[in-house]
There are 2 protein chains.
Amino acid sequence: MLLTTSAEENYLKAIFKISEKDPGPVLTNALATAMGTSAASATDMLKRLSEKQLVAYEKYRGVTLTPEGNRLATSLIRKHRLWEVFLVEKLGFAWDEVHDFAEQLEHVQGDNLTDRLDEYLNHPRFDPHGDPIPDAQGRWIRRPQVRLTTLSPGQKGIVTGVDDHTSPFLQYLDELGIALGVAIELLDRTAYDQSSKVRISGKEYTLSEKASQNLFLRLE
Amino acid sequence: MLLTTSAEENYLKAIFKISEKDPGPVLTNALATAMGTSAASATDMLKRLSEKQLVAYEKYRGVTLTPEGNRLATSLIRKHRLWEVFLVEKLGFAWDEVHDFAEQLEHVQGDNLTDRLDEYLNHPRFDPHGDPIPDAQGRWIRRPQVRLTTLSPGQKGIVTGVDDHTSPFLQYLDELGIALGVAIELLDRTAYDQSSKVRISGKEYTLSEKASQNLFLRLE
DNA sequence: AAATATTTTTAGACTTGTCTAAAAATAAAT
DNA sequence: ATTTATTTTTAGACAAGTCTAAAAATATTT
Ligand SMILES: [Mn+2]
Ligand SMILES: [Mn+2]
Ligand SMILES: [Mn+2]
Ligand SMILES: [Mn+2]
């Protein structure tokens, strides 16, 4: 069996997430940006991960996860999201407070911890931000969801997730009463700045294009 | 505010625990042994901790914690033991399975996590091994407890803790039905090897001196 | 196709935490 | 009071992970 450091795990996760949004090999610069490090550091780590057979890396051509690297990244995301559920459901934290804790907790190693946590939380399928939690076999749930920016005036949807996980955005949603499961109706889209006029439980609000872009909905 | 690495925290905890058992300055070798490192590494770390004002270190004379060092060590032990309670009470792990997890979880940083966990667990005062959990202000509970080796034949006690936290010992206790809160009567002490003849819920057993040494009891 | 711009890799350096081996300080024994 | 033994510190090295600056490779323009 091979052991991975927290740093290695974080790089694997970043590679996974980048290629999730943008399929194909992940380029060094994209990885470095995602990790907040220099391209030189990313290259360095790619050599290490390649050495450990966790990525397939070709100089100048980018990197992809090997099956084992994919397995590890998936497991890390599973752990991260389960801990986030724990922090919100059991410890009572707000959805904008849990990411940094989960970033640490995801690296805790040891037999059965994840599965016991999963069991204890009643096998949640989504985390507090609406992101799917892969099961113990690494299987993903696919849900049809669209951004608020794709709705036509008159369409309604239920909030299923957010694409921006930062506190400012999440707290802004709190102020508007927007949370997972809340119904939103698009009343109109302003031509000038693409902002959305919406109705949320009777009240009307205007959401910027940026905010609308970061809201995922299931169409009703 | 100062930030500490996991390694630094572990050294502080080790210094705390050594001087708890054996008051006075902690010697380099004792610390190195406790940490499973070389004396050279311990010396190195003592310089770093001294630099950060977490310990008072005098070459060749040993080391003591500063108030801030003591605060950090106490907080670390609090976190360790609270996580152990969580793992046993909520996730259903056995008392011999939780130490290594807690060793990692104790280093998770961030506002309020410890206090929310404490709240969620209903402010437990002792961990699964009977060790006291300091409160948020770092105050310790003192309990009168003695080792089984100090009892006289005929005396009874309730198990309040263990001094050996390793799996083999804890599982051995499981087999004998010995757990926190269990009543034990010392029937006789064998002169030859100082082993204890005891009665536990009706049945009689013989415990080696080593095992007896590692059992703490509150006298009835 | 050559020149220019961009991306990526290499080279060399730094920090943390560790090691072994040697030197220095302290303690114990004769 | 020396000698001997033990403990501790210093010196020098190493791995992981990071950095900046320079070199090399690739992509884009003209
Ligand atoms: Mn991480
Ligand atoms: Mn999340
Ligand atoms: Mn630790
Ligand atoms: Mn314990």
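Letters go in sequence order (proteins before strands), and every chain restarts at 1.
DNA chain D is contacted by both Leu27(B) and Ser38(A); Leu27(B) maps to the nucleotide lying nearer its 5′ end (nearest heavy atom per residue). For the pair Met45(B) and Ala40(B), nearest-nucleotide mapping onto DNA chain C gives the more 5' position to Met45(B).
Residue Tyr60(B) places no side-chain N or O under 4.0 Å from the OP1 or OP2 atom of dT6(D). OP1 or OP2 of dG17(D) has not a single side-chain nitrogen or oxygen of Ser41(A) nearer than 4.0 Å. The shortest distance between the side-chain N/O atoms of Lys47(A) and the OP1/OP2 oxygens of dT10(C) is below 4.0 Å. Distances shown here put every side-chain N or O of Thr43(B) at or beyond 4.0 Å from the OP1 or OP2 atom of dT10(D). Here Lys59(A) reaches the OP1 or OP2 of dT10(C): one of its side-chain N or O atoms lies under 4.0 Å away. Phosphate proximity of dT6(D) to Asn29(B): absent, as no side-chain N or O sits under 4.0 Å from OP1 or OP2. A sub-4.0 Å separation between OP1 or OP2 of dT7(C) and a side-chain N or O of Thr28(A) is absent. Phosphate proximity of dT16(C) to Arg48(B): absent, as no side-chain N or O sits under 4.0 Å from OP1 or OP2. Considering only side-chain N and O atoms, Tyr57(A) lies under 4.0 angstrom from the phosphate OP1 or OP2 of dT9(C). Between Thr5(A) and dA16(D), a side-chain N or O to OP1/OP2 separation shorter than 4.0 Å is absent.
As a whole-Å value, the separation of Lys52(A) NZ from dA15(D) C1' is 11 Å. Rounded to whole Å, the distance from OH on Tyr11(B) to P on dG17(C) is 9 Å. Leu31(B) has its CG atom 10 Å from the P atom of dT9(D), to the nearest Å. Atom P of nucleotide dT8(D) and atom CD of Glu58(B) are separated by 14 Å, given to the nearest angstrom. One interatomic measurement links the two molecules: CD of Glu51(B) to P of dT16(C), which rounds to 11 Å at whole-angstrom precision. Look at CG on Asp44(A): it is 13 Å from P on dA15(D), rounded to the nearest Å. One atom, CG of Leu46(B), and another, C1' of dT18(C), lie 14 Å apart when rounded to the nearest Å. In this structure, Arg61(A) atom CZ and dT26(D) atom P are separated by 6 Å, rounded to whole Å.
A donor-acceptor contact under 3.5 angstrom links the side chains of Ser195(A) and Thr190(A), judged on distance only.
Looking at Glu68(A) and Arg71(A), a side-chain N of the basic residue comes within less than 4.0 Å of a carboxylate O on the acidic one, giving a salt bridge. With salt bridges taken as basic N to acidic carboxylate O contacts below 4.0 Å, none links Arg116(B) and Asp111(B). We find that Lys210(A) and Asp193(A) are not joined by a salt bridge, their nearest charged nitrogen and carboxylate oxygen being 4.0 Å or further apart.
Note on Ala39(A): a base of the nucleic acid sits closer than 4.0 angstrom, heavy atoms only.
A cation-pi arrangement is absent between Arg143(B) and Phe216(B) under the rule of less than 6.0 angstrom and at most 45 degrees off the ring axis.
Of the residues Lys13(A), Lys79(A), Arg81(A), the one that meets the salt bridge (charged side-chain N to carboxylate O under 4.0 Å, His left out) test with Glu106(A) is Lys13(A).
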